[in-house]
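Here the structure is laid out as structure tokens; the discussion comes afterwards.
All values below come from the heavy atoms of this structure, side chains included, with hydrogens, waters and symmetry mates left out. For ligands, and for the atoms within them, numbers begin at 1 and follow the listed sequence.
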Amino acid sequence: MSAAAPVDAAAFRRWMGRWPTGVSIVTSREGERDYGLTVNAFLSVSLVPPTILVSLGHEADSLAVVARTGRFAVNLLAAEQRGLSERFSKTISAEEKFRGVPVHRGPAGLAFLDGALAAIEASVTKAVEVGDHTLFVGRVDRLEFGSERTPLLFHRGQYAEPEGSELLRLPRPKA
Ligand SMILES: Cc1cc2nc3c(=O)[nH]c(=O)nc-3n(C[C@H](O)[C@H](O)[C@H](O)COP(=O)(O)O)c2cc1C
């Protein structure tokens with residue numbers, strides 16, 4: 001293929017699938033209601049000051065909430081939280097997503113999911129619209145270290161199993 005040929009979105013998605021990632025659930029809160037979605041477009045941007053970035057699709061219900069409130073939390077998922085990742089990637093109501101999910105609260109009141117590997121609360125310092133997503137850059141306000149379990153991983157459009165899938169072998173951490 002020539003470098004100038006237009007790149008098809010489906011091919012691009014498949015290509016990005018070769019990049020293994022962790023899986024997070026990004027939460028936000030407005031009034032008394034929690035919002036959240038599954039996100040793997042997450043990265044650290046700066047150490048000084050500690051800064052992170054998440055990329056949210058324009059279809060995502062949480063996007064407007066993050067934009068209005070200027071806050072979001074990122075929960076890094078353990079392998080056994082795969083069910084939560086599946087639930088939070090469905091287009092269902094915020095209420096349904098959080099039904100029966102044990103959470104505790106960060107200092108700004110955002111939902112930290114019990115059993116996650118780690119969580120961060122951040123304040124938006126910049127929002128940049130790019131194509132069909134908005135990049136939210138956030139100053140890290142609070143870190144929490146959680147359980148030391150095997151991480152949930154995503155690769156080629158599939159979750160990696162704790163025992164290691166054929167695509168991606170993943171050792172268990174030493175007890
Ligand atoms: C492993 C995985 C990673 C995802 N990463 C992102 C992401 O980085 N940004 C995003 O906007 N959506 C991402 N999604 C899709 C959203 O979770 C999905 O569109 C969800 O329905 C959005 O919630 P909402 O419809 O309630 O707004 C991901 C889904 C999966 C399964």
Side-chain angles (χ1 to χ4, degrees), residues 7 9-45 51-101 103 110-113 115-122 124-138 140 146 149-162 164-170:
V7 172
F12 177 52
R13 179 193 279 257
R14 206 170 67 247
W15 189 93
M16 285 305 302
R18 304 252 167 144
W19 180 242
T21 68
V23 182
S24 76
I25 289 179
V26 170
T27 64
S28 53
R29 186 171 172 86
E30 192 169 44
E32 292 299 300
R33 176 155 292 189
D34 291 308
Y35 296 82
L37 79 164
T38 303
V39 164
N40 66 351
F42 163 64
L43 71 146
S44 75
V45 173
T51 304
I52 55 172
L53 179 156
V54 293
S55 176
L56 302 186
H58 289 165
E59 310 269 278
D61 289 349
S62 310
L63 187 143
V65 178
V66 174
R68 279 196 298 268
T69 61
R71 284 186 187 283
F72 63 95
V74 182
N75 295 268
L76 308 185
L77 298 188
E80 59 236 58
Q81 293 178 308
R82 175 178 169 166
L84 285 181
S85 173
E86 287 168 347
R87 193 199 294 196
F88 278 78
S89 62
K90 284 188 191 145
T91 303
I92 53 175
S93 69
E95 202 182 0
E96 241 181 296
K97 284 181 177 178
F98 282 93
R99 190 171 296 143
V101 177
V103 300
L110 298 188
F112 282 178
L113 306 181
L117 303 178
I120 265 182
E121 243 180 22
V124 175
T125 53
K126 207 171 267 191
V128 184
E129 221 180 290
V130 182
D132 55 7
H133 279 59
T134 295
L135 310 179
F136 288 101
V137 176
V140 174
R149 297 190 192 146
T150 304
L152 182 61
L153 297 184
F154 199 69
H155 182 227
R156 292 199 188 185
Q158 287 185 280
Y159 294 99
E161 299 298 328
S165 72
E166 286 190 7
L167 291 175
L168 190 67
R169 302 233 165 253
L170 185 64

message: I want to check something: taking the side chain as every heavy atom from C-beta on, are Leu117 and Pro151 in contact at a cut-off of under 4.5 Å?
response: yes

query: Between Thr27 and Tyr35, is any side-chain donor less than 3.5 angstrom from a side-chain acceptor?
result: no

query: Under 4.0 Å from any heavy atom of Phe154, which atoms of ligand 1 are there?
result: 1 (C)

message: I want to check something: taking the side chain as every heavy atom from C-beta on, are Val23 and Thr38 in contact at a cut-off of under 4.5 Å?
response: yes

- line: for atom 5 (N) of ligand 1, nearest protein heavy atom and its distance come out as Asn40 N, 3.0 Å

statement: Looking only at heavy atoms, the pair that brings Ala78 and Arg149 closest together is CB-CB, 4.0 Å

- prompt: To the nearest 0.1 Å, how far is atom 27 (O) of ligand 1 from its closest protein heavy atom, and which atom is that?
  reply: Asp61 N, 2.5 Å

- prompt: Does the side chain of Phe42 come within less than 4.5 Å of Val74's, by heavy atoms?
  reply: yes

field: pair Leu63-Thr134: side-chain heavy atoms closer than 4.5 Å
entry: yes

query: What residue and atom, counting heavy atoms only, is the protein's closest point to atom 9 (N) of ligand 1, and at what distance?
result: Ser55 O, 2.9 Å

- request: Tell me, with the steps shown, if Ile25 and Leu84 meet side chain to side chain contact (heavy atoms under 4.5 Å, CB included).
  value: CA-CA 8 Å; Ile25 289 179; Leu84 285 181; 4.0 Å; yes

statement: In this structure, atom 18 (C) of ligand 1 is nearest to the protein heavy atom Ser89 O, 3.6 Å

message: Taking only non-hydrogen atoms of Tyr35, do any sit less than 4.0 angstrom from ligand 1?
response: no

- request: Measure the acute angle between the ring planes of Phe136 and Phe72, then classify it against the limits of 30° and 60° as parallel, tilted or perpendicular.
  value: tilted

- prompt: Near Glu59 CD, under 6.0 Å, is it more than 12 heavy atoms from other residues, nucleotides or ligands?
  reply: no

field: Per-atom contacts, ligand 1 versus Ala60 - under 4.0 Å to a heavy atom
entry: 27 (O)

- line: For Tyr159, the atoms of ligand 1 under 4.0 Å from one of its heavy atoms are 31 (C)

- line: For Ala41, the ligand 1 atoms with a heavy-atom partner under 4.0 Å come out as 8 (O)

- prompt: Taking the non-hydrogen atoms of Phe88, is any one of them nearer than 4.0 angstrom to ligand 1?
  reply: yes

- request: Among all protein heavy atoms, pick out the one at the shortest distance from atom 25 (O) of ligand 1; state its residue, atom name and that distance to 0.1 Å.
  value: Thr91 OG1, 3.5 Å

- request: Taking only Lys NZ, Arg NE, NH1 and NH2, and the carboxylate oxygens of Asp or Glu, determine whether Glu86 and Arg82 approach each other closer than 4.0 Å.
  value: yes

- line: Per-atom filter on ligand 1: closer than 4.0 angstrom to a heavy atom of Gly57 are 10 (C), 11 (O)

field: Atoms in ligand 1 flagged as close to Leu56, the criterion being non-hydrogen separation under 4.0 Å
entry: 11 (O)

message: Taking 4.0 angstrom as the limit and counting only heavy atoms of Lys97, give me the atoms of ligand 1 inside it, by number and element.
response: 23 (O), 24 (P), 26 (O)

- request: Considering only non-hydrogen protein atoms, determine which one is nearest to atom 13 (C) of ligand 1 and report residue, atom name and distance to 0.1 Å.
  value: Thr38 O, 3.2 Å

